[in-house]
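Everything on this sheet refers to the single structure shown next.
Numbers restart at 1 for each chain; the letters A, B, ... are given by sequence-line order, proteins then strands.
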Amino acid sequence: MKVLKWLDESLEESIMVVLLVAISAVMLAQIFARYVFNSSMSWPEEFCRYCYVWSVFISLGYTIRRGSMLRVGIVMDMLPAAISNSVKILCDAVMLALFAVFFRHSLLVVDNIKNVTGEISSAMQIPMWIMYMCAVIGFALAAVRTVQSLVNGVRHFKDKGETTIEATIKEARAEVELAAQDNKNYGAAVREERE
Amino acid sequence: MMSALIFIVFAAALVLGMPIAMSMVLSTVIPRLLGTTMGSSVNQLITNSFSGADTTPIIAVPLFILAGVIMAEGGISRKLFNVFAYFVGGFTGGLPCAVILTCLFYGAISGSGPATTAAVGAMAIPFLVELGYDKTFSAGMVATAGGLGVIIPPSIPFVLYSLATGVSTSALFLGGVLPGFAIGLALMAYAVYYCGRRGEDRKKINFKLAELRGQGFWKLAKDSFPALMSPIIVLGGIYGGVVTPTEAACISVFYSLIVSLFVYKTITFSSILPFLKGAVKTYAPLCFVLAFAIAFGRVLTLLKAPAIVSDFVLGNFSSAGTVMFIIVIVFLLMGMVMDTGPAIVILAPILLPIVKTLGIHPVHFGVVMVCCLSIGLATPPFGLDLFVAGTLADTPPMTVAKKAMPFIIAFAIALFGITYVPWLSLALLQRGF
Amino acid sequence: GAYDDLKPETLRYGNGAALGAAGDLWGIAFCKQVEKITGGKLKIDYFGNSQLGVDSELQTQMLAGDIDIVSCQPGQTTTIVPAVAVYDLPLVFAKYDAKTIDRALNASEFTKLMDKKYAASRMICLGVLQGATYRVMTSNKKIDKVGDFKGIKIRTMNSPNHLAFWKGLGANPTPLPFTELYMSLQQGVVQAQENANDTNLSSNFQEVQKYLVNVKQLLYMNQFLMNRKKFESLAPAYQKAIRDAVKAATEEIAPSLAKIDSECRDKLVKGGMTNLTYNNAFYDDVIKASQPVYAKISGDIGKDVVDALIKALEGK
Ligand code: NA
Ligand code: NA
């Protein structure tokens with residue numbers, strides 16, 4: 001149960017955090033190598049690129065789970081809950097169908113690269129089908145997350161959902177909280193200085 | 001015809017509230033859904049979005065966002081503000097101007113508008129209110145000036161434009177500097193006019209100023225030195241021939257981390273994980289949209305849509321001035337209801353060849369597009385900067401928007417200046433910095 | 001004529017060459033030839049200037065059947081057809097004239113061998129365009145002897161063979177995105193880069209580079225590639241039309257390549273660059289320094305391919 005809860009809340013986030021750390025660290029190492037040891041390696045650039053590609057496909061599930069995909073919500077917000085919720089369920093259903101199709105085809109792409117073209121990456125010489133697995137995993141996670149969203153939508157059909165304004169305000173508040181943290185720190189520092 | 005259908009499906013899906021990325025996905029599968037061989041196969045859409053993500057310059061986006069998240073907690077905006085207040089605080093409208101200047105210089109650290117608004121506003125709004133300035137005025141000013149965060153380099157929207165068009169990021173970064181100052185000046189002009197007409201509580205202000213100046217310039221300078229060094233390290237790194245823009249983003253992550261951990265001691269090692277999560281939260285919504293925009297663009301190319309648009313525009317308008325005017329107006333309108341980042345990624349590759357034919361420099365065009373995006377962050381009904389400032393001032397965003405209106409107009413005047421005076425965008429570039 | 005009974009077909013052609021570059025002229029000439037030969041029965045939907053993606057993406061899409069024809073330089077083809085690395089052999093073409101190279105690449109035992117290699121990766125190479133011109137190093141540091149390469153930061157393609165070549169000379173090869181290259185040269189992130197002269201000119205590198213260093217490290221060549229299954233599925237008359245059109249386009253464009261190259265070079269020189277030329281002793285030193293690369297490539301793709309190319313070039 002605990003594992004499931006963790007997977008539900010943090011699977012994609014954890015992967016993306018690990019990838020971000022990997023990108024930052026390897027890129028820093030590359031800069032150092034160029035200036036301190038006067039020698040560039042060929043793999044770091046490619047490694048960082050593929051880490052980012054993985055984050056791109058993993059971000060699908062992450063943003064669906066958080067309801068943070070970029071959208072234009074202004075029209076739906078003006079309609080009554082029954083209509084906007086129905087449209088939302090419809091959109092989710094269409095998205096689920098799209099993810100299913102893209103999942104199926106990403107398997108075909110991987111299969112084609114693995115068994116037909118045999119492409120390898122130019123610097124690290126890693127088989128490209130391994131890199132393309134991010135699409136398979138990404139679309140699969142996205143489909144699962146969309147099912148979650150659909151179930152949620154049906155369950156809370158009666159409720160007025162979060163409008164785009166509310167979502168934006170929430171986002172704004174998160175930005176503000178970050179900055180406000182600094183003000184708290186500042187307050188603490190001033191107090192310390194006075195004491 | 002098919003491209004028109006794709007655009008209609010795309011627009012309809014957007015209106016129905018489908019995410020931008022998924023609206024693109026849906027519209028690109030239409031030709032194959034109808035059984036034609038036009039456009040791209042699903043396999044091709046997948047490989048194209050893969051290669052859309054597979055570029056080094058795009059990695060600057062998550063890195064600049066991560067650096068911004070760390071900076072926000074570093075208390076850098078206050079330190080910058082103190083320096084500017086020290087110098088200009090004595091003049092009429094001096095403190096509001098110091099806030100705008102802080103936005104300008106914070107913009108040289110942060111690559112995002114809302115982050116700049118939040119970092120500067122969290123410090124400046126309570127400060128200005130304490131000194132007797134109108135709360136909504138202060139919020140409106142910060143909401144508008146926060147947009148400087150994306151015009152002064154580094155800037156995430158410039159990275160997006162560069163990705164979409166292949167124009168060099170470092171060239172665009174240079175292009176943004178003078179326009180950023182021009183907009184800053186326009187905003188300060190209104191702030192001075194407003195304060196002159198409304199009057200200020202000079203007694204309170206002078207008291208505060210004396211307190212600040214009492215610390216002595218050297219203490220302030222010492223305090224703000226690591227903060228002021230940040231843009232020098234990032235921009236100096238790029239233009240001093242040390243690093244590429246992407247690598248500069250990486251450097252700024254580690255610089256801000258080191259400064260916040262060891263110099264200002266505003267954060268501890270335990271806060272690094274929340275920073276990483278915060279950064280992921282901010283850039284994740286951009287990731288797939290940007291990658292799939294490439295696949296979307298390829299479908300339009302295969303259907304010859306760019307050529308159709310180009311023939312239409314060039315057939316009906318022959319002057320660069322008119323075309324630029326129309327593009328600016330369209331982007332201003334779009335900016336009212338949406339974040340125009342994805343619009344830049346989709347439309348820039350179509351529009352750039354057209355305006356290039358009319359003699360517009362690619363860097364100049366990029367600067368104009370990013371300025372439009374920046375103003376959109378503050379225009380009602382939807383603008384993230386507006387919402388951030390509203391939250392900071394505990395005021396409804398629409399109320400903030402009313403007070404921000406004169407600032408937005410000042411910004412728009414500067415925008416048209418930037419549109420019709422290419423020199424502003426190109427002067428530094430041609431100097432060969 | 002021969003095409004009356006055939007049903008019209010349209011092929012999708014993606015070209016990785018920049019607008020107006022040799023490969024682009026070749027692609028456009030091919031389209032015209034096909035149109036002329038088949039009387040418009042076979043149509044080519046041409047997308048130049050990397051509109052459908054850069055070389056590596058074009059190849060992937062071609063193998064997946066989403067694009068039918070691709071032309072590109074061989075740098076990225078090695079990731080699919082390892083034997084193409086034979087073209088990475090440093091200076092292997094340097095002492096031959098265009099005609100000899102053309103025979104070796106387009107009509108020799110080596111051609112037949114390579115045909116098998118391409119076939120193993122489900123593609124067919126219908127022709128190679130070259131004019132005995134080379135990718136040229138441009139630099140801000142004067143290179144007089146091999147020792148001068150030491151420590152120079154040069155932007156190259158991110159390919160192990162290219163990196164190995166420059167490292168062997170003592171340089172510090174640095175992979176960078178092409179879009180950032182101009183500014184990186186201007187700012188000094190790197191001091192040198194290597195590309196064909198038409199690319200150097202269209203990218204305005206004369207504004208940020210002082211020297212044209214004619215190392216002749218890599219032949220400036222474009223391949224005409226097709227999805228093999230697609231090619232074989234076409235009516236024999238169409239197949240012949242395509243082969244003939246490639247040949248005709250090559251005959252039309254190839255002779256002008258040397259002229260284009262020297263015109264571009266002249267413009268680069270006029271723009272302030274100094275053209276550095278070298279004697280045989282210099283080239284011998286470079287070849288000596290790159291023996292490990294020869295060994296590496298021979299090991300990777302088999303000595304038979306390397307030998308076949310050298311034999312073909314020597315006209316044996
Ligand atoms: Na900025
Ligand atoms: Na807006």
For the residue pair [X] and [Y], what are the closest heavy atoms and their distance?
X      : Y      : answer
A:V87  : B:L16  : CG1-O, 3.4 Å
A:S24  : B:C250 : O-SG, 3.4 Å
A:A135 : B:I46  : CB-CG2, 4.1 Å
A:C91  : B:M18  : O-CE, 3.7 Å

Under 4.5 Å from any heavy atom of chain A, what part of [X] do you find: side chain, backbone, both or neither?
X      : answer
B:A279 : side chain
B:I272 : neither
B:F254 : side chain
B:P274 : neither
B:T117 : neither
B:K265 : neither
B:A291 : side chain
B:L386 : neither

With rounding to the nearest 0.5 Å, note down the distance linking [atom1] in [X] to [atom2] in [Y].
X      : Y      : atom1 : atom2 : answer
B:T246 : A:Q30  : OG1   : CD    : 12.0 Å
B:T47  : A:N112 : OG1   : CG    : 9.5 Å
B:M22  : A:R71  : CE    : CZ    : 11.0 Å
B:F292 : A:L60  : CZ    : CG    : 10.0 Å
B:F275 : A:L20  : CZ    : CG    : 13.0 Å
A:S14  : B:L276 : OG    : CG    : 11.5 Å

Min side-chain heavy-atom separation [X]-[Y] under 4.5 Å:
X     : Y      : result
A:V56 : B:F50  : no
B:L45 : A:F102 : yes
A:S59 : B:Y283 : no
B:L63 : A:M27  : yes
A:Y52 : B:V61  : no
B:T56 : A:C48  : no
B:I20 : A:M69  : no
A:L98 : B:V29  : yes

With respect to chain A, which residue among [options] yields the maximal number of heavy-atom pairs within a distance under 4.5 Å?
options                       : answer
B:V337, B:D385, B:V280        : B:V280
B:T391, B:L14, B:L26, B:D54   : B:D54
B:M338, B:Q44, B:E247         : B:E247
B:G390, B:S49, B:C287, B:A249 : B:C287

Under 3.5 Å donor-acceptor, A:R49 side chain and B:I59 backbone: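 Checked: no pair found.
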Among [options], which has the most heavy-atom pairs under 4.5 Å with chain B?
options              : value
A:I113, A:L79, A:V53 : A:V53
A:I64, A:L70, A:V75  : A:L70
A:E12, A:E46, A:E45  : A:E45

Which answer fits [X], side chain, backbone, both or neither, if we ask what part of it has an atom under 4.5 Å from a heavy atom of chain B?
X      : answer
A:C51  : neither
A:R34  : side chain
A:I31  : side chain
A:Y132 : both

Enclosure of A:R104 CZ (heavy-atom neighbours >12, cutoff 6.0 Å):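 Check fails, neighbour count at 12 or below.
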